[in-house]
Amino acid sequence: MDMIDAYQALKSTLDKLHNEILKYITLEQFQEAAVKLRIYENKRIKYANKAEEDYFYDFNIYEDISEKRVIERFSEDYTPKSIIERTLINSMVNSFTSIFMVKEISSEKYQLMLEDLINKKKVYPLTDITLSKTIPVNRIIFTRIIKAFDFYLSTPLVMVFAKNNKKALLEAWQKPSLLDSADTNSFINIFHLHREKGLLLTNTLNK
């Protein structure tokens, strides 16, 4: 199996696991998450665009909404059907979000070299066929990184910003909260900054 085949097998399994995890989200938590993310209005969830639905599902699965994260409950309850599933689930539990600058793109390997702007000495080779074709160098992205085997993958949480938003992003990341964990608070702040200043994947090449 070559690198691209291995990547596609991982990505396909990751997508299937995300669909399976959604069964573990109760209606009560779904609403609680929407309130926490400040997108619940008049008893309805209000998305500004289609991509926000992916962001909201990521928020439900990985962030601190109730006493235990959904991904943690899933990992304790679900029986993996393969080594790939077992490895991915462990990696999903240990995934992390950060703010990254796209420093370089390899079209041959479908990789974006991401410089972590929070942990500045870290650079991650993110493998993603779609993103490697749609996000140019010097864009900033807020995403979730999952390391499985020799690959760095992302979830559908990919918020794109122009380079001149770096200061605002770092301020949003560092803004304190008395109610939420640091990571969850950063997610909420950057989500709303993206509503104000972010780019969509459909137009990021043209801005």
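Everything numeric here is computed off the predicted structure, so don't read it as measured data. When a residue number appears, it is its place in the shown sequence, counting from 1.
- Using a 4.5 Å cut-off on side-chain heavy atoms (C-beta onward), K36 and D180 make contact.
- Ring-plane geometry between H18 and Y62 is classed as perpendicular, the angle between the planes exceeding 60 degrees on a 0 to 90 degree scale with a lower cut at 30.
- In summary, of the residues considered (I141, L193, L199), a side-chain contact (heavy atoms from CB on, under 4.5 Å) with F161 occurs for L193 alone.
- You'll find the side chain of T26 stays beyond 4.5 Å of the side chain of F30, heavy atoms only.
- Side-chain contact, Q111 with S106: no donor N or O sits under 3.5 Å from an acceptor N or O.
- In terms of modelled atom types and a separation under 3.5 Å, the side chain of S95 and the main chain of I146 share no donor-acceptor contact.
- Side-chain contact annotation: Y24 with D77, donor-acceptor N/O pair under 3.5 Å present.
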Test side chain to side chain contact (heavy atoms under 4.5 Å, CB included) applied to I140 and V160, step by step: CA-CA 6 Å; I140 299 177; V160 186; over 6 Å; no
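- Nearest approach of K109 to T127, heavy atoms of both residues: O-CG2, 4.1 Å.
- Under the side-chain contact (heavy atoms from CB on, under 4.5 Å) test applied with F74, the options I61, V93, L17, I25 reduce to a single match, L17.
- Remark: the E85 side chain and the Y78 side chain contain an N/O donor-acceptor pair separated by less than 3.5 Å.
- R38 places a side-chain heavy atom less than 4.5 Å from the side chain of I188.
- What you find for N189 and A172 is that their closest heavy atoms are ND2-O, 3.0 Å.
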Derivation of the salt bridge (Lys or Arg N to Asp or Glu O under 4.0 Å) call for E72 and R69: CA-CA 5 Å; E72 292 172 340; R69 294 185 303 153; 3.3 Å; yes
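- What you find for I129 and Y7 is that their closest heavy atoms are N-OH, 3.5 Å.
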Working for salt bridge (Lys or Arg N to Asp or Glu O under 4.0 Å), residues E52 and K46: CA-CA 9 Å; E52 287 193 354; K46 296 290 185 70; over 6 Å; no
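- Nearest heavy-atom pair, S154 versus L131, reported as atom, atom and distance to 0.1 Å: OG-CD1, 3.9 Å.
- K197 approaches N165 most closely through the heavy-atom pair CD-ND2, 3.4 Å.
- For the side-chain contact (heavy atoms from CB on, under 4.5 Å) criterion with K11, the lone passing option out of L88, T130, D128 is D128.
- Across I39, L157, D64, T184, a single residue satisfies side-chain contact (heavy atoms from CB on, under 4.5 Å) together with F59, and that is T184.
- Between L37 and Y55 there is no side-chain heavy-atom pair separated by less than 4.5 Å.
- A 4.5 Å side-chain heavy-atom check between I21 and M92 finds at least one atom pair inside the cut-off.
- Annotation: the span from I118 atom CD1 to S98 atom OG amounts to 4.5 Å, rounded to 0.5 Å.
- Taking the ring centroids of F96 and Y124, they lie under the 6.0 Å cut-off.
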